Each structure stands twice: as structure tokens, then as C-alpha cells.
K.L.:
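Mind having a look at this structure? Questions to follow.
Remember, predicted model here, so these are calculated numbers, not experimental data. Just so you know, ligand 1 is whichever comes first in the structure, and atom 1 is the first atom listed for that ligand.
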Amino acid sequence: MSKLVPTRIELARPLPPLTYLAPEGLPAGLRVRVKLRTGAVVGVVLGPDPAPPNVKLRPIDAVVDPFPLLPPKLRDLLAFAGGYYACGLPHLMALCLPSGVQVDWETVLPDGQRLAELRDANEWSRLEALGEAWHVGELPLPGLFHRRSLRGAGVTQVRRTELPHPLRVTATQAKVLKALEGSEGVLLEDDLLEVAQVSVSVLSTLEKNGLIERVRRLDLLSQKREESANKQIILNEEQQRALTAVDPSGFGVYLLFGVTGSGKTEVYIDLAEKVLAQGRRVLWLVPEIGLTPRLLARLEGRFPGKVAVGHAGLNITEKQADVMRLLNDEAPIFVGVRNAVLAPLRNVGLIIVDEEQESSYKSEEHPRIHARDLAIKRGQLEGCPVVLGSATPSLESWHAARNGRYRLLKLTQRPAGSVMPTVKVVDLRECYKTERKKVTFSPLLLKALKETLEKGQQAMLLLNRRGFENFWMCRACGKPLDCPHCSISLTYHKGSYRLRCHLCGFESTPPEVCPACGAEHLRGVGEGTEQIEDQLQAQFPRARILRLDRDTTQRRGSLEAGLLAAEKGEVDILVGTQMLAKGHTFPKLTLVGILNADLGLKVADFRAAERTFHLLTQVAGRAGRAELSGHVILQTYSPDHPAIIHAVAQNFEAFAEEELPYRQGMAYPPFASMSLYRSEGETPEDALKHLQDLKVKLQTISDLRILGPLEAPVARVKDRYRMQLILKAWTRGPLGEALRVAPMAPGGAVTLDRDPLNFGA
Ligand code: ADP
Ligand code: ZN
């Protein structure tokens with residue numbers, strides 16, 4: 001028996017590591033269960049504590065894993081990310097190893113010993129060696145995880161339907177409904193049967209009565225398999241060149257630059273095939289899985305049974321099932337959103353980051369990782385190529401490709417032969433002059449809408465602002481109606497007759513009179529998508545209009561359902577926010593109207609022009625992707641702005657040429673690196689104090705520019721005052737140095753956002 005020694009354990013809580021007594025020799029990275037005053041929690045072993053605190057130490061409750069379950073290279077990646085983003089290991093591990101992934105200690109080893117016996121004999125180094133052998137495939141442990149029935153692509157999901165709970169159900173049926181209610185209405189069938197302890201026939205009865213529905217997971221993923229499965233595609237010369245340029249034998253970053261429809265996905269697929277043939281795995285990142293059923297259908301068609309999918313919207317059991325499939329080496333292709341960059345895939349031979357410019361790759365909550373950046377780091381650790389693809393690359397990636405750090409691969413044509421849409425600009429200032437009032441739909445746009453509808457084709461209208469009216473203000477005193485808890489105005493939602501705060505969710509019924517001066521002159525300013533929908537319906541009473549924005553797509557699956565309806569031609573006009581910009585192809589979509597191209601330009605953010613350019617080019621690219629040619633009408637008050645000029649010409653390279661010197665002149669990324677420190681407090685002074693203290697410490701670092709502390713752009717949210725401090729440096733070195741000089745305190749008042757994308761909130 002070996003003894004218990006003081007061991008440092010880090011918890012997924014805003015706390016520094018704590019010291020517990022644990023068996024000697026536990027390897028770092030192992031999960032253990034410990035008690036906190038608030039209950040049992042899972043922590044991760046950091047190692048022995050050489051200088052334990054002089055108090056009575058508690059023993060840990062249990063060791064969860066026999067050996068570290070994450071593949072060694074992924075552990076290296078987490079260690080890097082922990083240091084870079086200043087966050088603890090358990091927080092990162094929670095992103096890739098769901099707590100429900102549990103090892104069966106009764107698993108029998110080839111020599112007949114059970115894992116539990118080795119545990120009880122404290123043979124930790126022996127277990128660790130077994131784990132390493134398991135990771136490299138030398139020691140198959142097929143029964144390692146509990147609940148093996150979860151595995152396999154064909155799992156069935158059971159969902160509660162909308163039907164109200166009936167008055168009379170049998171006791172067994174009640175068990176099922178209760179189990180579903182306890183897990184947000186969805187469970188995998190095997191889980192459900194286990195939790196409710198009922199037989200399958202009970203499910204069948206409930207299904208017949210319409211109280212539940214059963215969906216095969218595979219069907220969820222590929223609603224449209226037929227069309228894509230067996231299409232034989234011969235890569236054109238450019239695609240072929242791109243394919244051969246990627247060297248699968250080592251690390252390298254490639255930027256595959258080509259307009260939407262230029263055949264990037266076909267290149268990824270052929271690359272994936274090469275890599276699979278070598279027995280290595282493929283990690284495939286997409287910005288948003290709900291928007292890519294087509295991709296999944298294509299992949300399933302090409303690699304049947306080999307694709308696993310990670311999805312931010314999947315519930316916890318589904319995530320567990322996916323992770324176990326990966327750990328059991330059952331799916332060589334893993335497609336997923338942001339956190340999938342940390343998926344426990346072994347022997348990775350290719351990493352694809354599609355639409356690499358998308359901001360959804362950056363997490364806006366702790367840990368604030370950037371999946372594209374970590375993908376590159378992972379490629380380096382795994383020794384494999386990383387392919388970034390985009391029609392409008394981020395300036396970071398473009399700059400790296402231009403100066404030779406990444407290899408640039410261009411696709412310039414659309415193989416399907418469809419042409420780029422034509423773009424017409426409407427100057428809203430001129431419209432205002434002739435109409436003598438603010439114009440929402442210019443005559444040109446109205447005419448085009450009418451013609452499109454008459455031809456039985458589809459139109460899409462973009463306005464990047466939801467709600468009915470942007471805000472209400474008092475005509476008498478000029479004051480806007482602000483959120484009582486945040487320093488932004490409330491947005492009017494007509495459907496629910498509410499004024500709502502888009503930051504904290506505060507809602508109220510619109511007041512009759514101005515709360516500030518009592519006058520009855522309240523008035524809405526600045527229309528949102530909800531109002532556009534109303535106005536359109538008045539103009540085109542017979543048109544089938546579908547609005548897609550955050551308000552209409554809150555229910556899980558409703559965005560997908562709406563997009564599918566539009567694809568099938570059941571919608572004449574789609575109205576929405578930037579959600580419309582991504583993914584889908586609508587065969588009958590020939591007109592895209594951009595109602596106010598300038599909305600994104602007015603925010604105080606050095607990336608405003610880049611974001612506007614991306615959004616406009618992407619939406620424009622939606623028009624006429626199939627056989628029908630399309631056109632775009634872009635309404636703007638600033639037709640001379642570079643972002644607009646180049647978006648109209650759909651010329652990314654020209655945009656980049658113009659934008660990069662500005663970034664360099666102002667010492668912004670991609671030329672410089674930034675860190676954003678935020679603090680919050682009960683009072684502005686509280687918030688300020690923390691950052692002032694930090695600034696004093698950082699002033700010793702050379703080649704570091706410190707801006708602030710200043711009020712955050714939104715200076716108050718949920719009654720907390722917010723300040724920020726920005727660090728800038730030409731290289732990343734001084735920013736890393738800042739973390740050494742002033743380490744982040746877990747749970748402290750200051751939070752760090754490295755390589756921030758969002759300065760607004
Ligand atoms: P991207 O990923 O750049 O948007 P895709 O790979 O999805 O482009 O290609 C767009 C369409 O063109 C798809 O339907 C695809 O099957 C088709 N396509 C791509 N490459 C070829 C090719 N070489 N020959 C014929 N069709 C192609
Ligand atoms: Zn608010």
C-alpha cells in the first residue's frame with residue numbers, strides 16, 4: 001500500500017488549485033472527485049504539493065479515471081491553451097471530456113486483471129503505461145466506458161412533443177415523461193430506457209399517442225442525402241493544384257481562398273480521403289452546424305458511417321456518445337463547431353477550418369479560446385496540415401498568406417458554371433431627396449421584388465437589426481428609453497408589445513408618457529426586421545414571408561426548419577439578420593436586397609469595415625447560386641465607403657489592399673497583437689481600481705502599450721459598472737509577459753480576453 005500525499009487539485013470553479021490527500025503517484029491530468037463545502041466536484045490532478053498548507057488536509061473521495069483519457073497531443077494543446085488564455089485545465093477539459101464519460105473499473109485487461117485491482121493496489125504508473133498503450137492502439141480496451149449502447153451512428157433520440165401532458169397516463173408512461181422533462185425534453189433512447197426502467201413497448205405507445213417522437217440521429221444529420229451521395233466529381237485544374245499543394249506528411253498552414261461555390265468543399269473532401277487512406281483522422285471545423293446539413297449529407301454520402309458530429313446544440317448525452325465514439329476510434333472524421341478543436345481525436349492527419357473568418361470560432365465567454373488559432377497550434381503539435389478556407393478570409397489569415405507564413409491556394413472560378421450575381425447600388429441620400437422622407441424600400445428594390453415574385457422566384461432581404469424599432473425616444477425632451485440596468489436603449493418588439501433590453505433581457509410594457517419629462521411624444525426610431533416583415537406583408541399581401549432572426553429562431557431546430565422550408569420553395573421572401581448570410585443555397589433565390597448596408601459601419605471597432613465587407617459579400621453571394629442568375633440591390637447612405645465599394649465589386653483582394661495599411665498605421669491586428677482586460681464593479685470606481693492596480697504592475701514591461709483604463713463601450717450591464725484596459729504590442733511576447741508579471745487570479749475581478757474580437761459589449 002502506498003501512502004496518501006498532499007496533491008494539488010484544480011477544480012472547474014473560480015478558485016485557485018486546492019491541496020488534498022491523494023494516493024502517491026497519481027499522474028497529472030487525471031480526474032478525481034473531491035468534496036467542497038458546497039458538495040462533490042470533479043477536479044484534475046496537477047501533481048504533488050511540495051509545500052502543502054499547514055492545515056488538516058482532506059482526502060479525495062475517489063479517482064475517476066484509471067489514466068488520463070485525453071490523447072497525449074491533446075493534453076499538450078490544453079496545456080498551451082491554459083497558459084495562452086490564462087485559464088485552468090478543468091475549464092478546458094470540460095469542453096472536450098463531458099463529465100458523463102465514465103470508465104468502467106471492472107474492465108478486464110488481457111492478463112485477466114481488472115482495472116479496479118490495479119487501482120486498489122495503487123499501481124498508478126502501471127495504469128499510466130496501460131493508458132499510453134491504449135492511446136496508441138496497442139492495447140484495445142473495448143469495454144472501457146460505461147453505457148456502450150450509446151455508441152454507433154444510428155442512435156435514436158426521443159423527444160417530447162408539444163402535446164400537453166394528458167391527465168391520464170399509466171404509471172410506466174409517467175416515468176418516461178418525467179425522465180424526459182428532467183432533461184430538457186430530449187434523451188437518447190437507450191438512456192431513457194435505463195433512467196425510466198421501462199420496456200421499449202411503452203415508448204411505442206407514447207409515440208402512437210403523439211406524446212413523444214423518435215428520431216434517428218442519422219436522419220437528423222442528413223435530411224437530403226439522395227442528391228449528393230454518388231455524384232462523380234472530377235476536380236478542375238485549380239482544385240487539383242490546391243489538392244496536390246497540401247502536403248499531408250507534415251505541419252503547414254494553407255489558406256484556400258475561393259468564392260462561395262468555387263469548389264473548396266470538394267477539395268477538402270478529396271484531401272480527407274487521402275488522409276483517411278493513410279490511416280489518419282480528420283478534424284473538420286465549421287462555424288455553425290445547424291446551417292450545414294448539406295455538408296453533412298455530402299460527407300455521409302462519401303464516407304458512410306465514418307462521420308461523427310459535435311454540435312453546440314446537442315444535449316449532454318449526445319455529446320458523451322460522440323466523445324466515446326472518438327475515444328473508441330470509431331469515427332475517423334469529426335465535424336464540429338468551435339469546441340471541436342479540442343475533440344479527443346487521435347492521430348489527426350488533417351485539420352480543416354471552413355469559413356475561417358467567422359467570429360463564431362472565438363468564444364465570448366470563459367475560456368475565451370479562438371478555435372482557428374488553436375487549430376493551427378494543434379496542427380503543429382500533431383504534425384499535420386491545417387487548411388483554412390474562405391471566400392473572404394480574415395485579414396489575419398490573409399496577411400499571413402501574403403507574407404508567406406501560410407501557403408495561399410486560390411480557386412477563381414465557379415465550376416458549376418453559374419455566374420456571380422450583379423450588384424446595383426441605391427444611394428439612400430438621393431432617395432431621401434426625391435421622396436422627401438426616409439425610404440425603407442427604394443423604388444428600384446420594390447420593382448425588383450415585384451418582378452421576382454411574379455416569376456415565382458425567391459427574394460432575401462437583409463437588415464442587421466432585430467425587433468420592430470431600434471429604440472424609442474421622446475420628441476419633447478430628446479431622451480431615449482434606456483434599460484434601467486444597462487447603458488443601452490430598449491428595443492421595441494411589436495409582436496409581444498414589449499420593450500426589451502438585448503443585453504440583459506429586461507422587458508417592460510411601453511410607457512404612455514416619457515418617464516423623463518412626462519410628455520406624450522414617444523416615438524420609435526430605426527426600423528428592425530420585425531417592422532420590415534410588417535411593411536412587406538402590407539406591400540405584398542399574397543407573398544409568403546419568413547423572418548429569421550434571434551427572436552424567431554430561439555426554439556431549437558426552428559432555424560433549420562425555416563431554412564428547409566425556404567429551400568423547398570415554400571417561402572417567397574426571407575427577411576432576416578446576418579443569420580441569412582451563411583450556408584444554405586436556395587435554388588430559386590434570385591434577388592438579394594440589403595436594406596441598409598451601413599448599419600455595421602457605425603460601431604466604434606477597428607474591424608467594423610472588415611465585418612461589413614464580409615457580411616455584404618456573403619449575403620450577395622447567396623443570390624443565384626444554382627441555374628438562375630441573380631442580382632443584388634444594396635441600399636446605402638455611404639456608397640463611397642471602401643467596405644461598400646469593394647463589396648459591390650465583390651473584390652476581397654482590393655478591400656484587403658486598402659484596409660491593411662490602415663491597420664498597420666494604427667498598430668492593429670494583424671500587424672500587432674492585443675489583449676483586453678475587463679473589470680466590473682458595484683461602482684465605476686470599484687471597477688477602475690482593479691485595472692489601475694494591474695496597470696501599475698504592467699508598466700515595467702517593455703514594448704508594451706497600455707491604453708486605459710477606460711469605460712467599456714457599454715459602461716453598465718445588469719447594474720454592474722464596466723471598465724477596460726487594452727494592451728497592444730507588435731509581437732505576442734509582451735502580452736505573454738504580462739501574464740507572468742500579473743497572473744490572472746481565478747475568480748478575480750479582472751478577466752482577460754486575448755486576441756479580442758468583440759470590443760462592443
Ligand atoms: P464551396 O465549398 O467553395 O462553396 P463547393 O465545393 O460546395 O464550393 O462546390 C459548389 C458546387 O459545385 C457543389 O455542388 C459541388 O458539387 C460543385 N463542384 C465543385 N467542384 C466541381 C467540379 N470540379 N466539377 C463539377 N462540379 C463541382
Ligand atoms: Zn439591460
Side-chain angles (χ1 to χ4, degrees), residues 224-243 255-273 284-287 291-299 301-302 335 352-358 387-393 409-420 467 471 480-493 498-508 567 581-587 617-618 620-627 650 652 680 712 714-722 761:
K224 315 186 95 211
R225 296 178 65 178
E226 59 312 324
E227 125 230 37
S228 48
N230 296 316
K231 198 162 119 192
Q232 195 57 45
I233 284 180
I234 298 157
L235 296 189
N236 65 29
E237 208 176 302
E238 278 183 333
Q239 288 170 309
Q240 194 63 47
R241 216 177 304 142
L243 179 69
L255 177 61
L256 185 58
F257 170 51
V259 293
T260 315
S262 61
K264 297 185 293 296
T265 309
E266 294 300 333
V267 175
Y268 305 147
I269 289 177
D270 279 22
L271 272 171
E273 194 157 45
W284 189 313
L285 303 184
V286 293
L291 293 169
T292 48
R294 234 162 229 267
L295 168 68
L296 294 173
R298 275 162 89 176
L299 290 178
R302 206 47 191 273
V335 181
I352 293 161
V353 186
D354 194 24
E355 306 282 357
E356 63 84 25
Q357 82 287 353
E358 282 290 337
V387 180
L388 313 177
S390 179
T392 53
L409 310 170
K410 278 196 207 180
L411 301 181
T412 55
Q413 300 139 17
R414 284 183 165 184
S418 59
V419 287
M420 298 296 284
F471 60 92
L481 283 183
D482 284 339
C483 173
H485 308 289
C486 310
S487 51
I488 64 160
S489 351
L490 297 166
T491 303
Y492 177 49
H493 291 254
R498 302 296 263 178
L499 288 168
R500 198 176 294 158
C501 172
H502 284 182
L503 280 182
C504 75
F506 169 85
E507 287 190 23
S508 76
E567 256 190 74
K582 294 172 204 162
H584 271 242
T585 347
F586 304 108
T617 357
Q618 270 178 23
R622 296 273 80 101
R625 277 198 60 183
E627 303 75 33
Q650 294 174 70
F652 170 78
E680 282 188 6
V714 182
R716 189 170 53 116
V717 174
K718 294 187 204 173
D719 291 318
R720 310 266 303 161
Y721 289 85
R722 311 159 91 223

K.L.:
Which one holds for Val259 and ligand 1: side chain close, backbone close, both close, or neither close, with close meaning a heavy atom under 4.0 Å?
P.N.:
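Near ligand 1, Val259 shows its backbone, while the atoms from C-beta on stay back.
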K.L.:
Quick one: does Leu255's side chain get under 4.5 Å of Pro393's, heavy atoms only?
P.N.:
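They are in side-chain contact.
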K.L.:
Mind checking whether the Zn ion (ligand 2) has an N, O or S of His502 under 2.8 Å?
P.N.:
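No, since none of the N, O or S atoms of His502 sits under 2.8 Å from the Zn ion (ligand 2).
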K.L.:
Applying side-chain contact (heavy atoms from CB on, under 4.5 Å), run through Arg302 and Glu273 and close with a yes or a no.
P.N.:
CA-CA 9 Å; Arg302 206 47 191 273; Glu273 194 157 45; 2.9 Å; yes
K.L.:
Among Glu237, Arg298, Lys264, which one has a heavy atom closest to atom 3 (O) of ligand 1?
P.N.:
Lys264
K.L.:
Does Ile234 approach ligand 1 within less than 4.0 angstrom via side chain, backbone, both or neither, non-hydrogen atoms only?
P.N.:
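Answer for Ile234: backbone.
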K.L.:
For Arg298 and Thr265, what are the C-alpha separation, side-chain angles and deciding distance, and is it a side-chain contact (heavy atoms from CB on, under 4.5 Å)?
P.N.:
CA-CA 9 Å; Arg298 275 162 89 176; Thr265 309; 3.6 Å; yes
K.L.:
Please report, to 10°, the angle around the Zn ion (ligand 2) from atom SG (Cys501) across to atom SG (Cys486).
P.N.:
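It is 110°, given to the nearest 10°.
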K.L.:
Just checking, any donor-acceptor pair under 3.5 angstrom between side chains of Glu238 and Gln240?
P.N.:
no
K.L.:
For the residue pair Glu358 and Gln618, establish whether any side-chain heavy-atom pair is separated by less than 4.5 Å.
P.N.:
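A side-chain contact under 4.5 Å exists here.
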K.L.:
Near Asn236, which atoms of ligand 1 are under 4.0 Å from a heavy atom of that residue?
P.N.:
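Reading through ligand 1 atom by atom, the close ones are 23 (N).
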K.L.:
Would you check, one step at a time, whether the test side-chain contact (heavy atoms from CB on, under 4.5 Å) holds for Thr617 with Phe652?
P.N.:
CA-CA 9 Å; Thr617 357; Phe652 170 78; over 6 Å; no
K.L.:
Check whether any side-chain heavy atom of Asp482 lies under 4.5 Å from a side-chain heavy atom of Ser487, and answer yes or no.
P.N.:
no
K.L.:
Judging by distance only, is a nitrogen or oxygen of Gly263 under 3.5 angstrom from one on ligand 1?
P.N.:
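Yes: some nitrogen or oxygen of Gly263 is under 3.5 Å from one in ligand 1.
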K.L.:
Between Ile233 and ligand 1, which residue portion shows a heavy-atom distance shorter than 4.0 Å: side chain, backbone, both, or neither?
P.N.:
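For Ile233, the contact with ligand 1 is made by the side chain alone.
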K.L.:
Is any N, O or S atom of His485 under 2.8 Å away from the Zn ion (ligand 2)?
P.N.:
no
K.L.:
Does Gly258 have a non-hydrogen atom less than 4.0 Å from ligand 1?
P.N.:
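Not so, Gly258 does not reach ligand 1.
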